[in-house]
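What follows is a set of notes on a single structure, which appears directly below.
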There are 2 protein chains.
Amino acid sequence: MDEFDFIEKYLAPLAGSEGLGLKDDAALFSPTDGYDLVLTQDTLVEGVHFPGGHFGADTAERLLLTNLSDLAAKGAAPFGYLLSIAWPKHLTPKQVAKWMRGFSAGLQGVQELYGFSLFGGDSVRTSGPMMVTACLIGQVPTGKMVKRSGAMPGDDIWVTGHIGEGYLGLLAVQETDTLYEHGPSDDALRQWQEAYYSPEPRLSCRDFLLEYASACADISDGLLADVKHVADASHASAILNIMDIPISKAAQKWANNNGDLMGRLELARGGDDYELVFTSSASNRAALEALPVETIQLTRIGTITEGVGLTCIGLNGEKLNVDKLGYSHL
Amino acid sequence: MDEFDFIEKYLAPLAGSEGLGLKDDAALFSPTDGYDLVLTQDTLVEGVHFPGGHFGADTAERLLLTNLSDLAAKGAAPFGYLLSIAWPKHLTPKQVAKWMRGFSAGLQGVQELYGFSLFGGDSVRTSGPMMVTACLIGQVPTGKMVKRSGAMPGDDIWVTGHIGEGYLGLLAVQETDTLYEHGPSDDALRQWQEAYYSPEPRLSCRDFLLEYASACADISDGLLADVKHVADASHASAILNIMDIPISKAAQKWANNNGDLMGRLELARGGDDYELVFTSSASNRAALEALPVETIQLTRIGTITEGVGLTCIGLNGEKLNVDKLGYSHL
């Protein structure tokens, strides 16, 4: 099976009309009047961003879901993507074909769930680990994209869902001994691993983000790091109340066993949450609190002020000395 | 130097306004009324698509130029790109910073030459070889993109420039003994290596392609393979006159030393040309022949007919048995 057979069999069925059957050098589409385009590109490396040997549906899902999370943070709706896959050379064409069944099924599942299609891409071989890159294209009403840089002093800081689930999932996937010391339940382990492998991009937040958010970021590097990114980009300062950070019951148990505040800080630094952190004028507080709970859990965790940097507040209102904010891959 | 410093120092200066200073999760742009968008994505792997250890300007240029060639084949004008870089883990941050100076200068040179800018991307580390992926965005007047699939029986097949220069350049770069056997001149070696490292994307062909071409492809896999791709996509057959394929004087000398016809076939299979092969109604022949020579050398090398497959014609009109058309990476 050469490159063309492989694309024809496993990827062409995923292509939208824009992909021209993946038989052309390029994809073609006509933008919709009244919309801006939002583009985001992420690369996952085997052994860094996903565990070694996971060439199947898990990896395909994670690639698309984490990229979709970037679009969600912008208030954008996805409509297509380009995909580059680098397969390790040591895999035979037959092995690639086997893995590709799961991989393409993973892509298809996410495409169908969020309503977008494959536009094109590339397939190569590498002597190194598997690497996959997706460039996602989304659209947002003209002039409405939520930037990282729009936070204003006085704005509230909000976060969606629970923080730390993806981080605990990573510890579980890595079989980290300290995670198991206090005996997390099987349900907790499953919940965390699922959060890590299949983060849910918060695309359902689009309407209220476009209406109320002054700035937004998805939480990939860690809550503390990503709040600081928003503050820095907005030339402002952020104050975060660590005890207000929403965590699940299972994560609360884990945090309690790790000194509560210290445990919470670890979760807030952990990354891989793919929840959204956004800022909004205090005048929108009532409107955000009135949103139906089914939409998404929203929690107010801090405030934007004049100045620079991030200040973390502990249990009794004390300022915490937090020097390492999150994880950076380079 | 962490990922953010590195992006700030070397990549942010290359970003257009659409890249939001590379401080956001995504790029944002408003499409121009009256234009369709064309997207293409290619990945280069160290040791496969560029020589090992070449992390500098050469590699950056090659990445953008080969992607631009895809846009050129569509009659599209580039206006932005997203870039993912995977740096080998064994490089220290200091080494990455050193390489990055040349790499970003290479990007900048190509951007300035063809008038487009960086929109965003990703930077990761890998335990394997360096890998770079670019997703280029171009635009073309609505409904005018030249597809690979538009060739019609009776159309002429045309090619730009000279074929085989990039292939001979690759042999030179690989220090292939057989290349040196018949003593090519220093000028020839330099010319071929330049063709390999810095192929010129045929963006200057845009106007006449949009006016006259029924189908087009850039020649990356090899002239024979790419003509067959056009024929297959167009549900038609192609007849190529091997002796009409334009080659440079230096390549002609090399071909003569390799049995002329056999040498020409090798050049036509070689790949890495980044010239364009296009089809056009025979009624456009006079108009294409009348184009100013300064624009680009055009040569008519065959005909599209009913049927399937590719037929190659030799010196005395005989049909050649050509089974291996080109090079595929997978």
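Residue numbering restarts at 1 for every chain, and letters A, B, ... go by the order of the sequence lines. Source: prediction; values computed, not measured. Side chains are part of it too, since the values below use all heavy atoms of this structure and drop only hydrogens, waters and symmetry mates.
Taking the side chain as every heavy atom from C-beta outward, Lys144(B) and Asp36(B) never approach each other to under 4.5 Å. The shortest distance between side-chain heavy atoms of Gln41(B) and Phe119(A) does not fall below 4.5 Å. Two residues are said to be in side-chain contact when any heavy atoms from C-beta on lie closer than 4.5 Å; Met131(B) and Ser84(A) fail this criterion. Between Leu83(B) and Phe103(B) there is a side-chain heavy-atom pair separated by less than 4.5 Å. By the 4.5 Å heavy-atom criterion applied to side chains, Tyr274(B) and Arg62(B) are counted as neighbours.
Put simply, OG1 on Thr133(B) and CG on Asp122(B) are 10.0 Å apart, with the number rounded to the nearest 0.5 Å.
One side chain, Thr160(B) or Glu275(B), offers a donor N or O that lies under 3.5 Å from an acceptor on the other.
Ranked by heavy-atom pairs shorter than 4.5 Å toward chain A, the options Asp70(B), Leu37(B), Val45(B) are led by Leu37(B). Between chain A and the options Asp218(B), Leu39(B), Thr40(B), Thr32(B), heavy-atom pairs under 4.5 Å are most frequent for Leu39(B). Of the listed residues (Ala233(A), Cys216(A), Ser127(A)), the one with the most heavy-atom contacts under 4.5 Å to chain B is Ser127(A). Comparing Ser30(B), Ala26(B), Ala27(B), Gly143(B) by heavy-atom pairs within less than 4.5 Å of chain A, the highest count is held by Ala27(B). The residue among Asp42(A), Val38(A), Leu82(A) with the most heavy atom pairs within less than 4.5 Å of chain B is Leu82(A). Heavy-atom pairs under 4.5 Å with chain B were tallied for Gly121(A), Gly138(A), Pro129(A); the largest tally goes to Pro129(A). Interface check for chain B: of the options Asp232(A), Thr142(A), Val230(A), Thr43(A), the most heavy-atom pairs under 4.5 Å are formed by Thr43(A).
For Lys74(A), the part sitting under 4.5 Å from any heavy atom of chain B is the side chain, from C-beta outward, and nothing else. Residue Ala73(B) touches chain A through its side chain alone, counting heavy-atom pairs closer than 4.5 Å. Contacts between Ile137(A) and chain B at a heavy-atom distance below 4.5 Å involve the side chain alone, from C-beta outward.
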